[in-house]
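All residue numbers in this chain count up from 1 along the given sequence. Values below: every heavy atom of this structure, side chains too, minus hydrogens, waters and symmetry copies.
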Amino acid sequence: MYDINKVRDSFPILSRTVYGKPLVYLDNGATTQKPLCVLDAMREEYLNVNANVHRGVHWLSQQATDLHEAARETVRKFINARSANEVVFTRGTTESLNLVASSFTEGCMKEGDEVIVSTMEHHSNIVPWQLQAQRRGIVLKVIPMTEEGVLDLDAYRKLFTERTRLVSITHVSNVLGTVNPVKEMTRIAHEHGVSVMVDGAQSVPHFAVDVQELDCDFLAFSGHKVYGPTGVGVLYGKEAWLDRLPPYQGGGEMIGHVSFEKTTFERPPLKFEAGTPDYVATHGLAKALDYVSSLGMDNILSHEQDLTRYALRQLRTVEGIHIYGHSNGSGDAVISFNVGNIHPMDLGTLLDQLGIAVRTGHHCAQPLMDRLGVLGTVRASFGLYNTREEVDALVAGIKRVSVMF
Ligand SMILES: Cc1ncc(COP(=O)(O)O)c(CN[C@@H](CS)C(=O)O)c1O
């Protein structure tokens, strides 16, 4: 296990106050804070080796290119991809999902073909498919969720038809914390000759994700949720698939030769990386992955599981609380709840006055809110630096403000 106090010293923001109260940051599902090693590395690059990548013939450009491509190798190793060619840098999970929705639909689907998603998806894994349904006539099928907040795998098995082409599912729910059995779901999909896209936004920051072990065809995650900078994310894709998919955007970097008669394209990953990449953010992401790797993903998982179990025990002492999901230890690092008839926005706003940062609302998962029968929830989401004392502050804060209603 790591030294939590030493870890917290690497995140100066955690020592600040809000409204004169110590910050209790419990909104890591939205974005995580950044360690000094990430911030220092990005500042250093801008200060000393800033240049555009891939195309310059000068020393600075080569240095920046080396850092950028070294970051790609760091990502490859972190998710255990076979090749760095399978690592496409995007702006984040949302762009990665839109890229697959656009290029897979264009290159591998025809009108009437089907994509399977789940009830607990984030809007970024629903709306891109709905846009493709409108534009190209694909059909969306939805895996139902049980009352316990887990996916109905029997229903999943029955959703496959001869028209099913892709399953696109979240690894971990950003609302419930439910960890879906994506390895088993991928095995089932492959039995039908169907490919699988995994939304790893809420899994990659919390436990080791091995794309070869999952055997998924695509996986997406965001740098800012795994203690890295905003503006950079990753689309992993099996090389055979990335070779087959048409480009997502056109421009510099992604071309072989351009003429008004014909343009050829680079191979993956550059085929999908039009324009100047955020080469400083990719370097920052690599430093973030090195950082969490140095702590140990298993240690982070163990720490956050302990926090989640402790928080569930303590939250259940709050009169009138309703906690969503978390049946039989099915969830990690994320707890959504409501207290009596208190509007989540009211509760979250008052907690903020106490220095406690949680998320309230639908969490970009309105179909899941509909399934839960609520307009929104209060959500606490934990990171590697949170403590039991912060859980105690959350619970005490809820009890303190609840009496006002
Ligand atoms: C499961 C899941 N899938 C995709 C996304 C989108 O990630 P971006 O980095 O914004 O592209 C998110 C981001 N969820 C944030 C913002 S709504 C939350 O507070 O829960 C997510 O949780």
Side-chain angles (χ1 to χ4, degrees), residues 11 13-14 23-35 92-94 96-97 118-126 145 149 169-180 182 198-207 209 219-230 232-234 285 288 292 297 300-301 303-312 315 323-326 330-338 344-345 347-348 351-352 356-369 372 374 376-387 390-391 393-394 398:
F11 298 81
I13 194 171
L14 298 176
L23 169 64
V24 177
Y25 185 77
L26 299 175
D27 195 21
N28 295 281
T31 199
T32 53
Q33 302 303 340
K34 320 310 171 186
T93 305
T94 299
S96 298
L97 291 163
S118 89
T119 302
M120 61 172 76
E121 298 309 317
H122 184 278
H123 292 163
S124 63
N125 196 28
I126 297 174
M145 187 181 80
I169 45 170
T170 191
H171 200 169
V172 174
S173 165
N174 68 316
V175 173
L176 303 172
T178 302
V179 181
N180 290 316
V182 294
V198 174
D199 173 351
Q202 298 291 354
S203 58
V204 169
H206 299 290
F207 51 83
V209 173
L219 180 133
F221 69 93
S222 297
H224 71 94
K225 295 187 193 297
V226 62
Y227 311 94
T230 51
V232 65
V234 170
L285 170 60
V292 295
M297 295 309 294
I300 293 169
L301 174 61
H303 176 71
E304 292 177 354
Q305 285 180 329
D306 169 72
L307 271 184
T308 305
R309 305 288 172 270
Y310 179 73
L312 287 169
L315 284 167
I323 294 172
Y324 302 96
H326 289 284
S330 63
D332 280 329
V334 179
I335 303 176
S336 283
F337 58 89
N338 279 309
M345 178 79 76
L347 185 49
L351 288 173
D352 176 47
I356 300 166
V358 292
R359 173 93 184 248
T360 67
H362 56 64
H363 316 295
C364 300
Q366 287 174 300
L368 177 53
M369 296 295 117
L372 296 173
V374 296
T377 73
V378 180
R379 183 191 71 182
S381 48
F382 305 118
L384 58 83
Y385 36 56
N386 288 126
T387 65
E390 291 181 308
V391 170
L394 169 67
I398 295 169

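Side chains of Glu304 and Leu301 form no contact here, defined as non-hydrogen atoms less than 4.5 Å apart. Val172 places none of its side-chain heavy atoms less than 4.5 Å from the side chain of Asn180. Here the side chains of Asn338 and Tyr324 are in contact, with some heavy-atom distance below 4.5 Å. A heavy-atom distance below 4.5 Å is found between the side chains of Gln33 and Phe11. Residues His224 and Leu285 fail the side-chain proximity criterion, which asks for heavy atoms closer than 4.5 Å. The shortest side-chain heavy-atom distance between Leu394 and Val358 falls under the 4.5 Å cut-off.
Applying side chain to side chain contact (heavy atoms under 4.5 Å, CB included) to Phe382 and the options Val391, Thr387, Asp332 leaves one that passes, Val391. The residue from Thr230, Thr93, Thr94 that alone fulfils the side chain to side chain donor-acceptor pair (under 3.5 Å) condition with Ser222 is Thr93. Screening Lys225, Arg359, His122 for a side chain to side chain contact (heavy atoms under 4.5 Å, CB included) with Asn174, the sole residue that qualifies is His122.
Contact record, Asn386 with Tyr25: ND2-O, 2.9 Å, taken as the closest heavy-atom pair. Between Gly200 and Pro205, the closest heavy-atom pair is O-CD, 4.0 Å. Minimum heavy-atom separation, Leu307 to Gly383: CD1-O, 4.3 Å. Closest approach of Val234 to Ser96, counting heavy atoms only: O-OG, 3.1 Å. Of all the heavy atoms in Arg379 and Asp27, the pair that sits closest is NH2-OD1, 3.1 Å. Of all non-hydrogen atoms in Thr32 and Val226, the two that sit nearest each other are OG1-N, 3.8 Å.
One N or O on the side chain of Thr178 and one on the backbone of Gly149 form a donor-acceptor pair closer than 3.5 Å. No donor-acceptor distance shorter than 3.5 angstrom exists from the side chain of His363 to the backbone of Ala30, with no hydrogens or angles considered. Judged by distance alone, the side chain of Asp199 and the main-chain N or O of Ala201 form a donor-acceptor pair under 3.5 Å. In this structure, Asn125 contributes its side chain and Leu97 its backbone to no donor-acceptor pair below 3.5 Å. Distance alone, capped at 3.5 Å, places no donor-acceptor pair between the Lys34 side chain and the Tyr227 backbone.
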- What's the verdict on side-chain contact (heavy atoms from CB on, under 4.5 Å) for Ile335 and Leu315, showing C-alpha distance, side-chain angles and the deciding distance? CA-CA 10 Å; Ile335 303 176; Leu315 284 167; 3.8 Å; yes
- Message: Could you walk me through whether Leu176 and Leu372 satisfy the side-chain contact (heavy atoms from CB on, under 4.5 Å) test, starting with their C-alpha distance in whole Å, then the side-chain angles of each, then the deciding distance to 0.1 Å, before giving a yes or no?
- Response: CA-CA 10 Å; Leu176 303 172; Leu372 296 173; 4.2 Å; yes
- Task: List the steps, then state whether side-chain contact (heavy atoms from CB on, under 4.5 Å) holds for Ile126 with Gln366.
- Result: CA-CA 10 Å; Ile126 297 174; Gln366 287 174 300; over 6 Å; no
- Query: Is there a side-chain contact (heavy atoms from CB on, under 4.5 Å) between Thr360 and Thr377 once you walk through the steps?
  - Reply: CA-CA 6 Å; Thr360 67; Thr377 73; over 6 Å; no
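Residues forming a ring-ring contact (aromatic ring centres under 6.0 Å, His included) with His123 (at least two apart in sequence, or on another chain): His362.
A side-chain donor from one of Glu121 and Ser118 sits under 3.5 Å from a side-chain acceptor of the other. With 3.5 Å as the limit, one finds a donor-acceptor pair spanning the side chains of Asn28 and Tyr385.
Under the 6.0 Å cut-off for aromatic ring centres, His171 and Phe221 do not qualify, their centroids lying 6.0 Å or more apart.
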